[in-house]
Amino acid sequence: MLGPVILAASRSDRMRRLVSAAPVTKPVVDRFIPGETVDQIVPIIRELTDQGLELTMDVVGEDITTPAQAEAARDAYLELIDRLKPLDLGTRAEMSVKLSMFGQALEGGHELALKNVRPVVEAAAEIGTTVTLDAEDHTTLDSMFAIHEELRKDFPQTGCVIQAYLFRTEADARRLADSGSRVRLVKGAYKEPAEVAYQQRHEIDKAYVRILRTLMEGEGYPMIGSHDPRLIAIGQELARTAGRKLDEYEFQMLYGIRGDEHLRLAAEGHRMRVYTAYGTDWYGYFMRRLAEKPANLRFFARSMVSKG
Ligand SMILES: Cc1cc2nc3c(=O)[nH]c(=O)nc-3n(C[C@H](O)[C@H](O)[C@H](O)COP(=O)(O)OP(=O)(O)OC[C@H]3O[C@@H](n4cnc5c(N)ncnc54)[C@H](O)[C@@H]3O)c2cc1C
């Protein structure tokens, strides 16, 4: 029950100011967002890849209000890609981007986001890696899928994310499961109304399995974005039944969540990609992590009380 309340709070400016300014916030944030600058994140990239993990890098900061901020977002990714170049990691370190950060919600946002994200996709291709377009709230998805289709004309490996909680996603998965596509399936992290999305966990989980079967039986490259042990086991089974080899799909989890499981799956020979976020504008990302697990909020609240 707490999840939707936290997600509603994640849109409140007052709450943003309160949470961001609280002295105890930073140590809790660090669990999920292990750096604020490129200099801080590069050693973490080395450490994780040395452990046999792969990465998808996210520069946080979706709540922008001006075209200049959208350009700054583009430049932050270009700087990161520049720093990745000498590490020569290829697809072991790819990028995840939120189109809102590239201007999608501003006036003329669709064109603006496409214009700003294209150089990032080009730069990623130059160092032998790819970009995946994250899925945000349902009102943004038609634009996201259109930008994805446009980018794939020149960069067919550009990936996208689909969310099991949305009714539309089974049809999207059928459309996207074509040769060369890369699709990350997640449960979904936004507060969505009952008109467009399943509300009950068991309904979302059942949809996840149906959609994952479609992806596994299709011709694309499925990316299983979940920490749920049951879905991970089902994912392995669906891959086996579909005759997929270990390098024909991958698991993805978020930095700071079930780290032992990252290493266990990698040690079993699976491709295991860790979604690693960094940057200073972490509020929206952090609040979604709190909403996913109420125990996180209790921990956060307790640390505020004990320090306050
Ligand atoms: C790689 C990756 C990329 C993602 N990209 C997107 C995206 O583009 N769009 C989008 O809407 N959502 C995205 N998500 C978030 C996703 O939608 C879910 O909100 C999130 O993954 C939690 O769902 P779950 O499948 O892990 O299952 P859950 O049932 O929520 O969790 C299973 C178990 O994992 C652990 N766990 C899960 N979340 C947390 C947490 N925050 N803190 C501590 N433990 C936790 C708990 O042990 C929990 O019991 C992404 C998730 C991943 C892993």
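In this text, all values refer to a predicted model and were calculated from it rather than measured experimentally. Reckoned from all heavy atoms, side chains included, excluding hydrogens, waters and symmetry mates. Order of appearance sets the numbers: ligands from 1, and atoms from 1 within every ligand.
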Quiz item: Within the distance-only criterion (no hydrogens, no angle test), does the side chain of Gln199 pair as donor or acceptor with the backbone N or O of Glu192 below 3.5 angstrom?
Solution: yes
Exercise. Looking only at non-hydrogen atoms, find the nearest pair between Met144 and Cys160 and report the distance.
Key: SD-CB, 4.0 Å
Quiz item: Which ligand 1 atoms are under 4.0 Å away from a heavy-atom of Gln163?
Solution: 9 (N), 10 (C), 11 (O)
Self-check item: Close-contact set for ligand 1 against Arg31 heavy atoms, below 4.0 Å
Solution: 43 (C)
Quiz item: So, Asn116 side chain and Phe102 main chain: donor-acceptor pair closer than 3.5 Å or not?
Solution: yes
Quiz item: Considering only heavy atoms of Asp134, which atoms of ligand 1 have at least one such atom less than 4.0 Å away?
Solution: 8 (O)
Exercise. May I ask whether Glu136 places a heavy atom under 4.0 Å from ligand 1?
Key: no
Quiz item: Taking atom CD of Glu71 and atom CD1 of Ile64, what is their separation to the nearest 0.5 Å?
Solution: 9.5 Å
Quiz item: To the nearest 0.1 Å, how far is atom 23 (O) of ligand 1 from its closest protein heavy atom, and which atom is that?
Solution: Lys187 CD, 3.9 Å
Practice problem: Starting from atom 18 (C) of ligand 1, find the nearest protein heavy-atom neighbour and note its residue, name and distance. | Solution: Glu292 OE2, 3.5 Å
Quiz item: Could you give the distance from CZ (Arg271) to CD (Glu248), rounded to the nearest 0.5 Å?
Solution: 11.0 Å
Exercise. Please name the residue in the list Arg182, Arg273, Gln157 that meets the side-chain hydrogen bond (donor to acceptor under 3.5 Å, both in side chains) test with Glu94.
Key: Arg182
Quiz prompt | Exercise check, heavy-atom protein proximity under 4.0 Å to atom 49 (O) of ligand 1 | solution = no
Quiz item: Please state which protein non-hydrogen atom is closest to atom 2 (C) of ligand 1 and give its distance, to 0.1 Å?
Solution: Leu254 CD2, 3.5 Å
Quiz item: Quick check: does Arg288 get an N/O under 3.5 Å from an N/O on ligand 1?
Solution: no
Exercise. Would you indicate which of Arg230, Met144, Lys293, His227 comes nearest to atom 44 (N) of ligand 1 when only heavy atoms are counted?
Key: Lys293
Quiz item: Of the protein's non-hydrogen atoms, which lies at the shortest distance from atom 13 (C) of ligand 1, and what is that distance?
Solution: Val186 CG2, 3.7 Å
Exercise. Indicate whether any N or O donor in one side chain lies under 3.5 Å from an N or O acceptor in the other, for Asp137 and Thr139.
Key: yes
Quiz item: What residue and heavy atom of the protein are closest to atom 45 (C) of ligand 1, and at what distance?
Solution: Ile257 CG2, 3.4 Å
Quiz item: In terms of atom number and element, which parts of ligand 1 are under 4.0 angstrom from non-hydrogen atoms of Arg201?
Solution: 28 (P), 29 (O), 30 (O)
Practice problem: For atom 9 (N) of ligand 1, grab the closest protein heavy atom and report residue, atom and distance to one decimal in Å. | Solution: Ala135 O, 2.8 Å
Quiz item: Looking only at N/O atoms, are Ala189 and ligand 1 under 3.5 Å apart anywhere?
Solution: yes
Quiz item: Counting heavy atoms only, which of Ala291, Cys160, Gly188 comes nearest to atom 17 (O) of ligand 1?
Solution: Gly188
Quiz prompt | Polar side-chain atom of Ser96 near backbone of Thr56 as donor-acceptor pair, under 3.5 Å | solution = no
Quiz item: ligand 1 versus Arg184, non-hydrogen atoms closer than 4.0 Å: side chain, backbone, both, neither?
Solution: side chain
Quiz prompt | Contacting atoms of ligand 1, where contact means under 4.0 angstrom from a heavy atom of Gln252 | solution = 1 (C), 53 (C)
Quiz item: Quick one: does Phe155's side chain get under 4.5 Å of Val131's, heavy atoms only?
Solution: no
Quiz prompt | By side-chain contact (heavy atoms from CB on, under 4.5 Å) - contacts of Val60 (at least two apart) | solution = Asp58, Ala277, Trp282, Tyr285
Quiz item: Which of the atoms of ligand 1 are close to Val161, meaning less than 4.0 Å from one of its heavy atoms?
Solution: 7 (C), 8 (O)
Quiz item: Which atom names give the shortest non-hydrogen contact between Arg184 and Asp134, and what distance separates them?
Solution: NH1-OD1, 2.9 Å
Quiz item: Is atom 20 (C) of ligand 1 close to the protein, meaning a heavy atom under 4.0 Å from it?
Solution: yes
Self-check item: Side chains of His262 and Gln51, donor plus acceptor under 3.5 Å
Solution: no
Self-check item: Sequence-distant partners of Asp63, side-chain contact (heavy atoms from CB on, under 4.5 Å), two or more places apart
Solution: Arg11, Arg16
Quiz item: Nearest protein heavy-atom contact for atom 42 (N) of ligand 1: which residue, which atom, what distance?
Solution: Asn296 ND2, 2.8 Å
Quiz item: Nearest to atom 24 (P) of ligand 1, what protein heavy atom do you find, and at what distance?
Solution: Ser226 OG, 3.7 Å
